[in-house]
There are 2 protein chains.
Amino acid sequence: MHYTRDNMAGLLRSHDINPTHQRIEIAHALFSRQEHLSADQVMAVVNTRHSETSKATVYNTLKLFLEKGLVREVIVDPSKVFFDPNTSPHHHLYEVDSGKLSDIDAEHVVISGLPPLPAGMVTEGIDLIVRVRRTR
Amino acid sequence: MHYTRDNMAGLLRSHDINPTHQRIEIAHALFSRQEHLSADQVMAVVNTRHSETSKATVYNTLKLFLEKGLVREVIVDPSKVFFDPNTSPHHHLYEVDSGKLSDIDAEHVVISGLPPLPAGMVTEGIDLIVRVRRTR
DNA sequence: TCCGGATATTAGACAAAGTCCAGATCGACG
DNA sequence: CGTCGATCTGGACTTTGTCTAATATCCGGA
């Protein structure tokens, strides 16, 4: 299945998002290259094509995608947030020097022995980040 | 064992850090209250006492502590980094709404099934963050 | 087709966290 | 006391992200 702009419209609709031009472009940027992009990378990608999209719209749209569960937020670098088009359960591998971020399928990963949560709390998510460095 | 300013000097020396007034104050701020503080919280704490310490020094010092392995960095909130005086192996529990951050002892937590690392890579650390929310 | 309202987009001002630099200050040692 | 390297400092600057008020677009009904 290819991530054409047309298919993006359907994807957006299925997530209860009104598919506008800008939203389609932004979704396309994220999904066509299955990669983790930061907000300004998204902006750069979107604006290489003809129509310009404003910074405000990029931020608004990414936040909207987040709320609607279309993308996930990955916080590994204090200086910028990455957006992850893969919403299936998975973890992350972060190469500290290069800043490269990749997925670790959660299927075979087991996390056990976590203490019970404080009363009245529910888990919103578990982020597991493996930070690696090149041997020198 | 109490975290007096005098003891801080020894702690710094044992980590190969020249113990200056400012560094002692900053270490004391972090260690005397075993808590996660952000850079500006550190600055606020340090500057309630007489001598003022500049923003640049706070940032420089925290970075130095980090390099020397005196503190850990915890990245849970995209808007600010927390510094953690607890360097023993542990994970974190983050209350999304309140921003409260607490430790989870790593002793009983087992993470298994992680795939092998890419060649030429070594693990620098594994960050496990449990994000929780108050039930409503 | 034209209108009106709701929704979306925009430029640019603003805020907050963090970095950088050149000059001032400190403190150890001779 | 004077020197020198290490440290500290104010303040300008950068970057990421937010906010706002004005404009543009879309869509259903007359």
Side-chain angles (χ1 to χ4, degrees), chain A residues 5 8-9 12-13 15-30 36-47 49-68 70-84 99 101, chain B residues 5 8-9 12-13 15-30 36-47 49-68 70-84 99 101:
Chain A
R5 289 185 173 69
M8 287 303 102
L12 293 180
R13 267 190 221 97
H15 283 258
D16 195 26
I17 298 171
N18 194 355
T20 65
H21 294 313
Q22 290 88 338
R23 287 170 183 174
I24 288 172
E25 282 303 316
I26 291 170
H28 184 256
L30 279 165
H36 308 80
L37 299 181
S38 64
D40 43 327
Q41 287 174 319
V42 168
M43 198 152 53
V45 169
V46 165
N47 284 338
R49 291 178 60 86
H50 40 63
S51 62
E52 303 277 313
T53 301
S54 75
K55 184 167 61 152
T57 297
V58 170
Y59 278 98
N60 288 342
T61 301
L62 288 172
K63 195 184 284 181
L64 179 68
F65 285 4
L66 212 53
E67 281 164 12
K68 299 295 188 179
L70 194 59
V71 301
R72 263 174 53 173
E73 209 177 21
V74 187
I75 307 174
V76 283
D77 181 320
S79 74
K80 61 182 64 169
V81 173
F82 288 95
F83 293 88
D84 187 346
L101 186 62
Chain B
R5 289 185 173 70
M8 287 302 103
L12 293 179
R13 269 191 218 96
H15 282 257
D16 195 27
I17 298 171
N18 194 355
T20 66
H21 293 314
Q22 290 89 339
R23 287 170 183 173
I24 289 172
E25 280 304 316
I26 291 170
H28 184 256
L30 280 165
H36 308 80
L37 299 181
S38 63
D40 43 326
Q41 288 175 318
V42 168
M43 197 151 54
V45 169
V46 165
N47 284 337
R49 291 178 61 85
H50 38 62
S51 61
E52 303 278 311
T53 301
S54 74
K55 184 167 61 153
T57 297
V58 171
Y59 278 98
N60 289 341
T61 302
L62 289 172
K63 194 184 282 182
L64 179 68
F65 285 4
L66 211 54
E67 282 164 10
K68 298 294 188 178
L70 194 59
V71 301
R72 264 173 54 174
E73 208 177 21
V74 187
I75 307 174
V76 283
D77 180 320
S79 75
K80 62 182 63 172
V81 173
F82 289 95
F83 293 88
D84 187 347
L101 186 62

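Only heavy atoms go into these numbers, but all of them, side chains included; no hydrogens, no water, no symmetry mates. Order of the sequence lines fixes the chain letters, A, B, ..., with proteins taken first and strands second; residue numbering starts at 1 for each chain.
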Looking at every non-hydrogen atom in both residues, tell me the closest pair between A/Pro78 and B/Ile75 and how far apart they are. CD-CD1, 3.5 Å

Look at the side chain of A/Asn18 and decide which nucleotide, out of D/dC26, C/dT7, C/dA11, has an atom nearest to it. C/dT7

Please give, in whole Å, the distance from C/dT19 P to B/Met43 CE? 12 Å

Among the candidates C/dT9, D/dA6, D/dC26, find the nucleotide nearest to the side-chain atoms of A/Gln22. C/dT9

How long is the line joining CG of A/Leu64 and C1' of C/dT9, in whole Å? 13 Å

Could you tell me how far apart A/Glu25 (CD) and C/dA8 (P) are, to the nearest whole angstrom? 17 Å

Closer to the 5' end of DNA chain C via nearest nucleotide, is it B/Asn60 or B/His21? B/Asn60

On a heavy-atom basis, the closest approach of B/Val45 and B/Ala29 is CG1-CB, 3.7 Å

B/Ile24 CD1 to C/dG27 P, straight-line distance once rounded to whole Å: 11 Å

State whether the side chain of A/Thr57 and the backbone N or O of A/Thr53 hold a donor-acceptor pair below 3.5 Å, judged by distance alone. no

So does B/Ser38 get a backbone contact from the side chain of B/Gln41, meaning a donor-acceptor N/O pair under 3.5 Å? yes

For the pair made of CG in A/Leu12 and C1' in C/dT7, what is the distance, rounded to whole Å? 15 Å

Without decimals, in angstroms, what is the distance between B/Gln41 CD and C/dA16 P? 15 Å

Length of the CG-C1' vector between A/Asp16 and C/dA8, whole Å: 16 Å

When the distance from CD of B/Glu52 to P of D/dG10 is rounded to whole Å, what number comes out? 8 Å

Look at all strands and tell whether B/Thr57 reaches a base, only sugar-phosphate, or nothing, counting heavy atoms closer than 4.0 Å. base

Winner on side-chain proximity to B/Thr20, out of D/dT7, D/dT9, C/dT7, is D/dT7

Taken to the nearest 0.5 Å, the spacing of B/Ile24 CD1 from B/Ile17 CD1 works out to 11.0 Å

Is A/Arg13 reaching over with its side chain to a backbone N or O of A/Asn18, donor-acceptor style, under 3.5 angstrom? no

Can you check each nucleotide of nucleotides 11-18 of chain D against protein heavy atoms at under 4.0 Å and return B for base, S for sugar-phosphate only, - for none, in 5' to 3' order? -B---SBB

Within the 4.5 Å heavy-atom criterion, are B/Met43 and B/Val46 side-chain neighbours or not? no

